[in-house]
Amino acid sequence: SAVISQKPSRDICQRGTSLTIQCQVDSQVTMMFWYRQQPGQSLTLIATANQGSEATYESGFVIDKFPISRPNLTFSTLTVSNMSPEDSSIYLCSHGGQGFTDTQYFGPGTRLTVL
Amino acid sequence: QKEVEQNSGPLSVPEGAIASLNCTYSDRGSQSFFWYRQYSGKSPELIMSIYSNGDKEDGRFTAQLNKASQYVSLLIRDSQPSDSATYLCAVNINNAGNMLTFGGGTRLMVKP
């Protein structure tokens, strides 16, 4: 599978600020996804990052709060906007194919703490 | 009812024993199922995928799927302390492309 990297690996931010997380894959992939994992919880899908078009957001997540870009088939960014302490989580990107049997592979994650 | 359910644990087993992890799902039409392992502070890593009813074996791991009863399980034989982690069950709900819904995870502790 393609290797995924994320930057930054962790950050501590002040309330009201924004943070952009980068996800880089070492080869072209069809699908890229962004997840949130709150402390002690499982993974929740935020959105599917679509190359060249607007991301597809899951219920409870909106573009104004979590704008996503995907300019090409190897790169995506997630911005967490106007942060509050409730946004403190691990943010993970993953990649996979389009078929329902295709596996998803995860990046190392970004641990975000909002003070 | 949650779409994918797991017992949160912790499940504690002695070293060398068989660990049995279970997962139930709500969408009867789901066709693909995945088990991920997540060590504390790390991202999930794929252990196995299963698509057909029955057993699928890979080394010490066996995935079992029963679509009629809507459950999928993971057996770990000869459990080792290094198997101590949270195990996440993921299901492709509604066969929505490659989108996965995760269970809450089961924490496994293997005691030497």
Side-chain angles (χ1 to χ4, degrees), chain A residues 1-10 21 23-25 29-51 55-61 73 89-113, chain B residues 2-10 21 23-25 27-53 56 58 63 65 67 72 85-108:
Chain A
S1 66
V3 176
I4 312 177
S5 60
Q6 283 184 238
K7 289 194 300 186
S9 59
R10 59 178 62 228
I21 302 168
C23 180
Q24 178 76 54
V25 189
V29 294
T30 307
M31 307 292 286
M32 294 181 74
F33 304 90
W34 287 97
Y35 289 83
R36 179 176 73 183
Q37 187 171 30
Q38 295 177 301
Q41 304 296 313
S42 189
L43 280 69
T44 301
L45 180 65
I46 297 173
T48 303
N50 300 309
Q51 193 269 326
T56 303
Y57 290 85
E58 296 302 301
S59 176
F61 297 96
L73 292 176
S89 293
I90 298 173
Y91 292 86
L92 294 149
C93 72
S94 70
H95 77 81
Q98 282 183 307
F100 65 86
T101 60
D102 289 327
T103 303
Q104 283 188 35
Y105 298 95
F106 288 85
T110 296
R111 183 179 294 272
L112 171 62
T113 302
Chain B
K2 293 182 180 178
E3 293 182 294
V4 181
E5 294 204 55
Q6 296 179 255
N7 188 316
S8 61
L21 306 163
C23 171
T24 59
Y25 58 95
D27 177 22
R28 185 171 290 278
S30 298
Q31 295 191 41
S32 48
F33 309 87
F34 305 86
W35 282 100
Y36 287 83
R37 177 175 62 197
Q38 187 174 27
Y39 291 113
S40 180
K42 302 295 185 181
S43 63
E45 56 180 330
L46 180 73
I47 298 175
M48 293 190 70
S49 59
I50 187 167
Y51 313 114
S52 303
N53 278 328
K56 179 180 179 182
D58 184 0
L65 175 61
K67 291 183 180 180
V72 57
T86 296
Y87 289 80
L88 301 168
C89 171
V91 179
N92 181 271
I93 298 290
N94 295 323
N95 293 322
N98 191 12
M99 290 169 56
L100 298 179
T101 298
F102 283 81
T106 298
R107 183 179 166 209
L108 173 66

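Letters A, B, ... mirror the listed sequences (proteins, then strands); counts begin at 1. Just so it is clear, the values below take in all heavy atoms, side chains as well, and ignore hydrogens, waters and symmetry mates. This is a predicted model, so every value here is computed, not measured.
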Whatever's closer than 4.5 Å to a heavy atom in chain B on A/Leu45 counts as side chain
Listed partners of B/Arg37 passing salt bridge (Lys or Arg N to Asp or Glu O under 4.0 Å), at least two apart: B/Glu45
State which residues pass side-chain contact (heavy atoms from CB on, under 4.5 Å) with A/Lys7; sequence neighbours excluded, sorted by chain then number. A/Gln22
Of the non-hydrogen atoms in B/Phe34 and A/Thr103, which two are nearest, and what is the gap between them? CE2-OG1, 3.7 Å
Look up atom CD in A/Glu58 and atom OG1 in B/Thr101, then write down how far apart they are to the nearest 0.5 Å. 8.0 Å
Return the set of residues passing ring pair (Phe, Tyr, Trp, His ring centres under 6.0 Å) with A/Tyr57 (not counting sequence neighbours), or none when no residue passes. none
Contacts of residues 33-41 of chain A with chain B (heavy atom under 4.5 Å): A/Phe33, A/Tyr35, A/Gln37
Compare every heavy atom of A/Pro108 with every heavy atom of B/Ser43, then report the nearest pair and how far apart it is. OG-CA, 3.8 Å
Where on B/Phe33 is there a heavy atom nearer than 4.5 Å to chain A: the side chain, the backbone, both, or neither? neither
Using modelled atom types and a 3.5 Å cut-off, is there a donor and acceptor pairing between side-chain atoms of A/Ser42 and backbone atoms of B/Gly105? no
Counting only non-hydrogen atoms closer than 4.5 Å, does B/Gln6 touch chain A with its backbone (N, CA, C, O), its side chain (CB onward), both, or neither? neither
